[in-house]
Protein chains: 2
Amino acid sequence: MSRKPPEEFTRPTQVTLAAVLQVRDGVLQVLLWQRARDPFRNAWALPGGVLAADETLEASIRRHLATKVDLAEVAHLEQVSTYGDPDRNPVEWEIATAYLGLVPLGVDPSVPKDTTWHPVDDLPPTGFDHGAIIHSARDRLRGKLSYTNIGFALAPATFTLTELRDVYTAALGYDVSATNLKRVLLRRGAIVPTGGRRDPGRAGGRPAEEFAYSDNALEVTDPFATLRPPE
Amino acid sequence: MSRKPPEEFTRPTQVTLAAVLQVRDGVLQVLLWQRARDPFRNAWALPGGVLAADETLEASIRRHLATKVDLAEVAHLEQVSTYGDPDRNPVEWEIATAYLGLVPLGVDPSVPKDTTWHPVDDLPPTGFDHGAIIHSARDRLRGKLSYTNIGFALAPATFTLTELRDVYTAALGYDVSATNLKRVLLRRGAIVPTGGRRDPGRAGGRPAEEFAYSDNALEVTDPFATLRPPE
DNA sequence: GGAGGTTTACGACTCATAGTCAAAAACTAG
DNA sequence: CTAGTTTTTGACTATGAGTCGTAAACCTCC
């Protein structure tokens, strides 16, 4: 019994996870699936899975996400952080690289039966460290909303300023003024009027001007000045 | 020969790396060591090594860094990104989680013979994807300099405004005005006068007021407004 | 077809942050 | 004491951002 196990036996499993966020019912929500087996049976978890030998981390999270949602509906995907606490998984040594995914307002992807959306500020019991991962993904989104154009990934293809304001309000967790938002985003060249109008709702009101994110808005990740909370 | 290799044989090696940055000779530099063996023999590489089974990622990079520099001289350490391209290491499947480390101006850590500092904008031949990792660490630093107090980790314990201006200039790659820097950092409460003065150099000149980062400066990571390039 | 209600758009005002510049202050060396 | 050097300070300007009131454009109901 002097043979040591091969070195490979001491390697951790590498998994990728994604916190896919979307504004639904005026609230920022995250896509979770309910575990059927231990550990954390019946708790909710982020989509993801084990990294394959011939794929990049991003390819891996895309492959696993595709089993839960149509990838074409995920408008943005970026790596957030890697979690390697040896105790994070009670049954196996596992390293997880977490991604942030964003789905635009209005689309309603079809998802498997075990998978549903949950408000990020009112989560059900979650397994592993997924609760912390969700909150850091939300914080990443909030930070980037104010100084990049990442908001395009949460907004539909065309939108009114009120709709966009509601998206920002839900994602940031505080009110923003539509007047100010328009001036800021127009100056940045982030949004452009489409020329169209939107029918007012049945309650009446002036029809809203329709906007879209400009083409170059997608590439802009340089910091802008900040959108701050009111007062 | 129908026995499959155990599943563990298909797992990647997990390593941690650190881009340790410091302003030296008025230029932002990174700590590299020269490889003596293939792959990438004689090329320069970031300090780091394999993750052990009972340690966190941060503990791992601290353990490996300690073989190159005195950890007490690394004032800041944060995770930047994880690199998992299956081709990034030609001989082994390896995932690398990269950290950014910062060493204050003026300290000159003793380092092993194979290890020296190199300007980040004039790197020697580097192995693996370490060149790209260094540049993304530099970009992370530059971004955070303008909207957090991360600069404290690049400045000595006490400093004059001219010294601090020089640190910012070297790290950002563009001039900043000492007048403006003082006003901005004072308003943020990031720096406080120590009450002391600095002897003018042998060339004469008014003695400089001495400043230090305030205690709470270390915790502030909320975004501030931006420090932008001139003109 | 008004009147009243509702929603969006626009302009004026204020405030905070930031960039520039020139002059004053405080020192050294001769 | 004078000239030279470096730091500090205050004034001025520019710009980005927050607020608010009013006008515009639509609806429904009478």
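Letters go in sequence order (proteins before strands), and every chain restarts at 1. Please read all numbers here as calculations on a predicted model, not as lab measurements.
Rounded to an integer number of Å, the gap from Leu161(B) CG to dA26(C) P is 17 Å. Distance, Leu185(A) CG to dG16(D) P: 13 Å, rounded to whole Å. Leu186(A) has its CG atom 12 Å from the C1' atom of dC10(C), to the nearest Å. The distance between atom OH of Tyr168(B) and atom P of dA18(C), rounded to the nearest whole Å, is 12 Å. The distance between atom CD of Glu163(A) and atom P of dT7(C), rounded to the nearest whole Å, is 14 Å. Separating the CG atom of Leu181(B) from the P atom of dT8(D) is a distance of 12 Å, rounded to the nearest angstrom. Going from atom CZ of Arg197(B) over to atom C1' of dT28(C) covers 16 Å, rounded to whole Å. Residue Arg165(B) contributes atom CZ, which lies 13 Å from atom P of dT20(C) at whole-angstrom precision.
Within the 4.0 Å cut-off from OP1 or OP2 of dG19(C), at least one side-chain nitrogen or oxygen of Asn180(B) is found. One finds no side-chain N or O of Arg183(A) lying less than 4.0 angstrom from the OP1 or OP2 phosphate oxygen of dG16(D).
Checking Thr97(B) against Thr82(B) by side-chain atom types alone, a donor-acceptor pair falls below 3.5 Å. Between the side chains of Thr160(B) and Glu209(B), not a single donor N or O lies within less than 3.5 Å of an accepting N or O.
Which of dA26(C), dC10(C), dG19(C) sits closest to the side chain of Pro207(B) comes down to dA26(C). Looking at the side chain of Ser177(B), the nearest of the listed nucleotides dA18(C), dG16(D), dT20(C) is dT20(C). Nearest to the side chain of Lys182(A), among dG10(D), dA9(C), dC10(C), sits dC10(C). Ranking dT7(C), dT9(D), dT7(D) by closeness to the Arg206(A) side chain, first place goes to dT7(C).
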Phe128(B)/Tyr83(B) under ring pair (Phe, Tyr, Trp, His ring centres under 6.0 Å): CA gap, chis, key distance, verdict: CA-CA 11 Å; Phe128(B) 308 98; Tyr83(B) 294 79; over 10 Å; no
Determine, step by step, whether Arg24(A) and Asp108(A) satisfy the salt bridge (Lys or Arg N to Asp or Glu O under 4.0 Å) criterion, reporting the C-alpha distance in whole Å, the side-chain angles of both residues, the deciding distance to 0.1 Å, and the verdict. CA-CA 9 Å; Arg24(A) 319 189 112 230; Asp108(A) 190 19; 2.3 Å; yes
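Residue Thr160(B) places no side-chain atom within donor-acceptor reach of the base of dT7(D), judged by atom type and a 3.5 Å distance cut-off alone.
Looking at Lys68(B) and Asp114(B), a side-chain N of the basic residue comes within less than 4.0 Å of a carboxylate O on the acidic one, giving a salt bridge.
When heavy atoms are screened at a 4.0 angstrom cut-off, Thr162(A) is found touching the sugar-phosphate backbone but no base atom.
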